[in-house]
There are 2 protein chains.
Amino acid sequence: MTTRWLSPDEQRAWRAYIAASLLLEDTIDRQLQQEAGMPHLYYSILANLSETPERRLRMTELAEGLKITRPRLTYAVARLEKDGLVRRESCQWDKRGSVAVLTDEGVAVLERAAPGHVETVRAALFDRLTPEQVGQLEEIFTSVTAGLQGEGGPAEEVPWRRRSSPSCS
Amino acid sequence: MTTRWLSPDEQRAWRAYIAASLLLEDTIDRQLQQEAGMPHLYYSILANLSETPERRLRMTELAEGLKITRPRLTYAVARLEKDGLVRRESCQWDKRGSVAVLTDEGVAVLERAAPGHVETVRAALFDRLTPEQVGQLEEIFTSVTAGLQGEGGPAEEVPWRRRSSPSCS
DNA sequence: CGGGCTTGGTTCAAGTTTGAAGCAAACCTA
DNA sequence: TAGGTTTGCTTCAAACTTGAACCAAGCCCG
């Protein structure tokens, strides 16, 4: 079958997206590197942890939530642990497992970094969009995410989350 | 001044965007790595070169077009040169300058890789979007790009391009 | 129980990216 | 036209990412 090339409209959209996403990640990484000494991904790890009730998450669950590979997460958490922002505990119920826990210092760093980060995201993105465009953005990328991993299989259960006992330490 | 946090709508849009862009780049990188032995950026370098009349571009111009830093480009071109897909020539009119030239083999590799790449982009993105969404995508990200670099200053002139003489070799 | 398979996570080597220097050619400007 | 600044690009070390092993703990099934 002959290739279905991109239409001119699609070309333009694709190029606009590629260019902007590179610039955007660059901008955000640089800002966070400056003000928090870590790249965007590492900030996101802290942020994700901070949103759970116990500020802890299984490594795999964290990796899935962030859409990154496990080796990448292992490396990142090792660094954050060295900096004292995250602690690693092994999971009681599954001795293979390990759990990343946000430390108090991690919370502090996150809270210090958050305003600047949000400001950057606003300045680079949301301040330039109409409310309709915000909706469009969400729709488009939600659909893309669904396509790219929805096919891979739905979310599965995560052992420790179903306990409400104090910890997996 | 107190931080203007993201609204729930903005939160959702932002997260959708982050997740999807990670998955998308991952998908595309993996596909190109498999079928062409190079990541997306390297493919884009070849593609950019192939679109110029002489299949050549000054390093700086290439870096600006791709929205990447110069060291990054230097490294990437070095690799492509080692693989024989790109050749480096020094610019006659500006002895500091160097010019990346797409080789015939580079063209061949690019043409072999293009169909699979386009198919991946389609499957991951455009096949999931309505025509209106394609337009929205372009508008949103064109505006973001403008915001992130338009402020930095407009495009400047590039010496060799203004010549129509056969080469800068 | 006792093998095999799967799962959760880490480790390792190779490749890539980053930011700060470094270097040489061009461009002032007096 | 000499001296200082800018520009174009590369180099370097440190940080990060990738994919392929690897290892141990759970799981399955007889």
Subject >> Interatomic distance where CG belongs to A:D29 and P belongs to C:dT18 [whole Å] >> reply: 8 Å
Original post:
Are any of A:S98's side-chain N or O atoms less than 4.0 Å away from OP1 or OP2 of C:dG8?
Top reply: no
Original post:
In whole Å, what is the span from the CZ atom of A:R72 to the C1' atom of D:dA15?
Top reply: 13 Å
Original post:
Of all the choices, D:dA15, C:dG15, C:dT18, which nucleotide is nearest to the side chain of B:Y75 once you look at every atom?
Top reply: C:dG15
**OP:** Determine whether the side chains of A:Q34 and A:R30 contain a donor N or O and an acceptor N or O closer than 3.5 Å.
**Re:** no
**OP:** Name the residue closer to the 5' end of DNA chain C, choosing between A:L73 and A:Q33 according to the nucleotide with the nearest heavy atom.
**Re:** A:L73
**OP:** Figure out the NE2/P separation between B:H40 and C:dT16, and round it to whole Å.
**Re:** 15 Å
Please list each protein N or O that sits under 3.5 Å from an N or O in nucleotides 22-27 of chain D, with the distance.
| unit_1 | atom_1 | unit_2 | atom_2 | d |
| --- | --- | --- | --- | --- |
| D:dG26 | OP1 | A:K95 | N | 3.1 |

Subject >> Nucleotide nearest A:Y42 when distance is taken to its side chain, options D:dT11, D:dT17, C:dT17 >> reply: D:dT17
Subject >> Closest approach of B:A100 to B:L49 (non-hydrogen atoms, all atoms of both residues) >> reply: O-CD2, 3.5 Å
Subject >> Residue that, paired with A:E89, satisfies salt bridge (charged side-chain N to carboxylate O under 4.0 Å, His left out) out of A:R55, A:K95, A:R58, A:R56 >> reply: A:R56
Subject >> Spacing between B:R88 atom CZ and D:dT10 atom C1', to the nearest angstrom >> reply: 8 Å
**OP:** Rounded to the nearest angstrom, tell me the gap between atom CD in B:E25 and atom P in D:dT18.
**Re:** 10 Å
**OP:** Starting at atom CD1 of A:I45, determine the distance to atom P of D:dC16, rounded to an integer number of angstrom.
**Re:** 11 Å
Original post:
Counting side-chain heavy atoms from C-beta on, which of C:dT10, C:dG8, D:dC9 comes nearest to A:R58?
Top reply: C:dG8
Original post:
What are the two closest heavy atoms between B:A16 and A:F141, and how far apart are they?
Top reply: O-CB, 3.6 Å
Subject >> Options D:dT18, C:dT10, C:dT16, nucleotide nearest the side-chain atoms of A:R70 >> reply: C:dT10
Subject >> Closest to side chain of B:M59, choosing from D:dT10, C:dT10, C:dT17 >> reply: D:dT10
Original post:
Which nucleotide sits closest to the side chain of A:P71: D:dT17, D:dT10, C:dT10?
Top reply: C:dT10
Original post:
Does the B:T103 side chain pair with the main chain of B:G84, one donor and one acceptor, at a distance under 3.5 Å?
Top reply: yes
Subject >> Atom-to-atom span, CG of A:L62 to C1' of C:dT10 - whole angstrom >> reply: 15 Å
Subject >> Options D:dC9, C:dT16, D:dT17, nucleotide nearest the side-chain atoms of A:L41 >> reply: D:dT17
**OP:** Between A:T74 and B:R79, just flag the one whose closest nucleotide in DNA chain C comes earlier from the 5' side.
**Re:** A:T74
**OP:** Please round to the nearest 0.5 Å and tell me the distance separating atom CG of A:L41 and atom CG of B:L22.
**Re:** 7.5 Å
Original post:
Considering all heavy atoms of both residues, which atom of B:E61 and which atom of B:L57 are nearest to each other, and what is their separation?
Top reply: OE1-CD1, 3.4 Å
**OP:** Report the distance from atom CZ of B:R30 to atom P of C:dG15, rounded to the nearest whole Å.
**Re:** 18 Å
If you look only at distance, which donor and acceptor atoms sit under 3.5 Å apart when one is on a side chain in residues 114-124 of chain B and the other is two or more places apart or in another chain?
| unit_1 | atom_1 | unit_2 | atom_2 | d |
| --- | --- | --- | --- | --- |
| B:T120 | OG1 | B:Q31 | OE1 | 3.4 |
| B:T120 | OG1 | B:G116 | O | 2.9 |
| B:R122 | NE | A:R4 | O | 3.0 |
| B:R122 | NH1 | A:E10 | OE2 | 3.4 |
| B:R122 | NH2 | A:W5 | O | 2.9 |
| B:R122 | NH2 | A:E10 | OE1 | 3.1 |

